[in-house]
S.K.: 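The structure follows.
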Amino acid sequence: MDKALTRVLRIDLTKKRTWVEERPNLFEKGLGGAGVAIELLYELCPKDADPLGPENPIILAVGPLNPLFPLASKAVAMFKSPHTGNLGESHCGGRVALALRLAGFGALAIQGKSDVPVYLTVHRGRVQFRDARALWGLSSSLTAGRVLREIEPGSGARTILRIGRAGERLVTYANVIAETYRHFGRLGLGAVFGSKNLKALVISGTGTIPIPDPPRYQKLYRELWERATRSDHMRKYHDLGTAQNIRPLNQIGALPVRNLSATRYNEEPAFSGERLAEGFLGRRLACSACPVACIHLAILREPHPVEPYFYKTTFVSYDHEPLYALGSMLGMESPEGVLKLIDSAEVWGLDAITTGVVLAWATEAFARGLITEQDTVGVKPSWGDTQAYLEMIRRIADRKGELYWTLGQGVRAASEKYGGQEFALHFGGNEMPGYHTGPGALLTYLSGSRHSHLDSAGYALDQDCLRAGQNPPPEELACRLFAEEARRQVLSSAVICFFGRNLYDWETIQTALGVLGIEKSKEELMALGAAILRQKYAFKVREGFSLEKLTVPMRAVETPTPLGVISEDYLRKALAEMEQLLRGDDGLAGDA
Amino acid sequence: MAVLWAGPWPHAWPRGWAVPKRLAVVDPGRCVDCLLCALACSRRFGEGGLARSAIAVRSVGGVEHGFVVIVCRACPDPPCAASCPVGAITKATVGVRVHPERCIGCRTCVLSCPFGAVHWDEDNNKPVICVHCGLCASFCPHGVIALEEVGGG
Ligand code: SF4
Ligand code: SF4
Ligand code: SF4
């Protein structure tokens, strides 16, 4: 194995001290990425840690395949989430994985809290603490990125991770932005940065990764490159990006609309992947090492408010999830309006999914009189009202006023305070993603380790079931989702982008690791995936999580999916089965 | 901006010979910053990463504004070769060749190339300049770079 991969960079912001640890056993056991990050989190995060306290570690990890194979493009972050109060895990593309690995590290862990705002740089493997007082309080995360781009070296092989105002002011779902348009989006890593007085982290790296068997490596690389560029599955992400989901989900009635009070627009939304590509698509981008280039940037051309013949152009990155959350969930009609909302979340540094669901809850709560104009300081949220939503997003990031402060803690906190829990669409404290496809999706949100649609992709299973006319019993559903989530732990330890999941079947992962001198049988890999998943679950239980005590938002079980209304009873049965699997009482290999 | 060399090749290529090719940046506007080209170039040496890559991609003031692909354009009269005080860079049929055994690591060549196409191998303290083999072009998924005949045609 590459020795540099097993180096862990440790940074203590309180004492402004850094050191490197060699951890070959850690990487042997956990492979890299998620497998290593959860080990480190267990080790470094004390039980019952305050997520916004100095004791909460920020862990970033890459794996043996980054960036050596097509789509081995992601890095994994772990921390205790200030949003859910439990396991925080988020994945990011861009150049993060390439830069960290080629800087000569497999992982880094940041702990403590700086007394003044700082940013960290890692150039040629050396860490520096830099003064960020001038960058703190900037109104736009984009400006911070621009400044760092100019003053820091390493252009072309670096990542610039930074937070916006939302992160500085500890909105619990503040994100970390990478290279502009890529994010550690969910579960509030931005607030953890903010709590440590850490504005940004710049890493550059152009190192070498030794390959034990170059001819085999070259051959496998070419084969995978060809499969990646020719497969139909990839085509989907290539052509329209993830935004291509809007049209089919709308057709089958699985697109959450107006706080999930409906599941489709009468006609195709004006912000579907097809419509955006025709009218707005301006540029495509790829994460380092990825031939797909699924990142789609729209060009938003806006006229000057008074002067004629004067325009400004803004590039806005769109994906399915922001289009759902800041589009259909808010009953938006105009594509320009949706793009403006997405841009605004980017500027302030907020997770787009949670922001949209928060605004949707607030709109419904306002309509029902649970919150009033006094609370909203004169803003009257209503479906499709771009201006009102822009104003609210700014106020959430500012954290001024009781309502907006509370909205900055997510819909769980807001509904506990103001009521409306039956339509507060969160699962385990994390706001709902953009698929209301059926029981698989709901079970993924409830039981997935991040409460994210990507954990086990129940939405994909639902769509398969819909096509095949199947209705799996709850136990079977739980087993299938567990197996898929376990498999994904191996991908996110390697670290392969989940969009490459069909390219990297067990055999391919095994061969790719083998070329790098890491010999693992399929059974060993499967056991590793289950073990990582169970370890995450054990961490969650340690921090007070219980599948049994999870609440299911009433709205989610009332609004029919394409597979019908999902009963809470069904979900509870599936959850009970899932708990068995996660505890490991099933005789499967791999223990927590 | 990235360079598309358009001028005539100075000496006509004899009929019947295989026409030499150079790596050309044909349309940087299509570049998506995947770095597959740069990673491919390192694979020439049977290694991963970017340390000995002769091609680099940088954004033009932010990814939204596009990219430049920085690679040797095979100057007909190469200033990098002329600048080397110890003759460690010589002109080749296409582009130049580095003779590492002569190189003293002074970095004069780095300054001489107006495109910044003399890359630096920090581990070995030697320049890295594209040899126009075309491997990277075969992995660019978006047709940004390609091998192109020089002069002859
Ligand atoms: S390295 Fe620069 S100066 Fe030398 S031949 Fe190439 S483009 Fe010309
Ligand atoms: S043509 Fe060959 S040497 Fe030149 S950049 Fe491409 S791979 Fe490297
Ligand atoms: S492989 Fe092509 S698209 Fe990718 S960075 Fe290189 S030139 Fe750009």
Side-chain angles (χ1 to χ4, degrees), chain A residues 2 4 65-70 73 94-95 98-99 101-102 104 124 142 145-146 149-150 155-157 179-182 205-215 217-218 221-222 225 228-229 238 282-295 297 299 313-317 516, chain B residues 2 27-71 115-117 119-126 128 133 135-145:
Chain A
D2 169 24
L65 303 191
N66 300 107
L68 294 172
F69 287 100
S73 53
R95 283 177 170 172
L98 173 119
R101 175 109 198 240
L102 298 187
R124 300 187 178 207
L142 304 177
R146 276 182 200 142
R149 192 192 299 140
E150 293 305 318
S155 164
E179 302 34 297
T180 323
Y181 314 121
R182 292 295 92 192
T206 54
T208 306
I209 304 168
I211 306 287
D213 186 347
Y217 170 56
Q218 316 257 30
Y221 186 98
R222 188 174 284 277
W225 184 89
T229 48
H238 178 85
R283 186 177 284 289
R284 299 241 318 264
L285 298 173
C287 300
S288 301
C290 176
V292 180
C294 77
I295 307 165
L297 300 189
I299 294 181
T313 46
T314 314
F315 284 84
V316 185
S317 147
L516 303 177
Chain B
D27 189 356
R30 290 203 295 245
C31 177
V32 299
D33 191 29
C34 62
L35 298 184
L36 291 198
C37 51
L39 293 164
C41 186
S42 276
R43 284 201 302 278
R44 287 183 300 152
F45 303 105
E47 63 191 34
L50 294 173
R52 287 199 279 168
S53 183
I55 183 167
V57 178
R58 277 184 207 137
S59 79
V60 194
V63 291
E64 63 273 39
H65 299 120
F67 303 92
V68 286
V69 180
I70 302 162
V71 66
F115 308 108
H119 300 270
W120 201 255
D121 171 357
E122 297 288 345
D123 294 342
N124 298 303
N125 204 34
K126 307 277 176 190
V128 186
C133 68
L135 184 71
C136 54
S138 68
F139 286 102
C140 172
H142 308 291
V144 176
I145 43 181

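Computed from a predicted model, the values in this text were never measured in an experiment. Residue numbers start from 1 in every chain, and the chains themselves are labelled A, B, ... in the order their sequence lines are given, proteins ahead of strands.
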S.K.: Relative to chain A, which segment of B:S138 carries a heavy atom at a distance below 4.5 Å: side chain, backbone, both, or neither?
M.R.: both

S.K.: What pair of heavy atoms forms the shortest contact from B:G48 to A:L68, and how long is it?
M.R.: CA-CD2, 3.6 Å

S.K.: Rounded to the nearest 0.5 Å, what separates atom CG in B:L50 from atom OG in A:S288?
M.R.: 8.5 Å

S.K.: Quick one: pull up CG in A:L285 and CZ in B:F67 and give me the separation to the nearest 0.5 Å.
M.R.: 5.0 Å

S.K.: Here's a test for you: under side-chain contact (heavy atoms from CB on, under 4.5 Å), which of B:E122, B:E47, B:R52 qualifies with A:T208?
M.R.: B:E47

S.K.: Tell me the closest heavy-atom pair linking B:H142 and A:P291, and the distance in Å.
M.R.: NE2-O, 3.7 Å

S.K.: Got a second to check how far A:W225's CH2 is from B:L36's CG, nearest 0.5 Å?
M.R.: 8.0 Å

S.K.: I need the residue from B:G49, B:S42, B:A51, B:G29 with the largest number of non-hydrogen atom pairs under 4.5 Å to chain A.
M.R.: B:A51

S.K.: Under 4.5 Å from any heavy atom of chain A, what part of B:F139 do you find: side chain, backbone, both or neither?
M.R.: both

S.K.: State the CD-OH distance between B:E64 and A:Y181, to the nearest 0.5 angstrom.
M.R.: 4.0 Å

S.K.: So which part of A:R101 gets closer than 4.5 Å to some heavy atom of chain B, the side chain, the backbone, both or neither?
M.R.: neither

S.K.: Is the shortest side-chain heavy-atom distance between A:T206 and B:W120 below 4.5 Å?
M.R.: no

S.K.: I'd like to know if the side chain of A:R284 reaches the main chain of B:V32, judged simply by a donor and an acceptor atom lying under 3.5 Å from each other, with no hydrogens or angles considered.
M.R.: no

S.K.: B:H65 vs A:F315 aromatic rings, parallel, tilted or perpendicular, using cut-offs 30° and 60°?
M.R.: perpendicular

S.K.: Which atom names give the shortest non-hydrogen contact between B:P141 and A:T229, and what distance separates them?
M.R.: CB-CG2, 4.4 Å

S.K.: In Å, rounded to the nearest 0.5 Å, how long is the span from SG of B:C34 to CG of A:L98?
M.R.: 11.0 Å

S.K.: Is B:D121 close to chain A through its backbone or its side chain, or both, or neither, when contacts mean heavy atoms under 4.5 Å?
M.R.: neither

S.K.: How long is the span from the SG atom in A:C290 to the CG atom in B:D33, to the nearest 0.5 Å?
M.R.: 11.5 Å

S.K.: Which one of A:G207, A:A228, A:A293 has the most heavy-atom pairs closer than 4.5 Å to chain B?
M.R.: A:G207

S.K.: Got A:R283 and B:V63 here, is their nearest side-chain heavy-atom distance under 4.5 Å?
M.R.: no

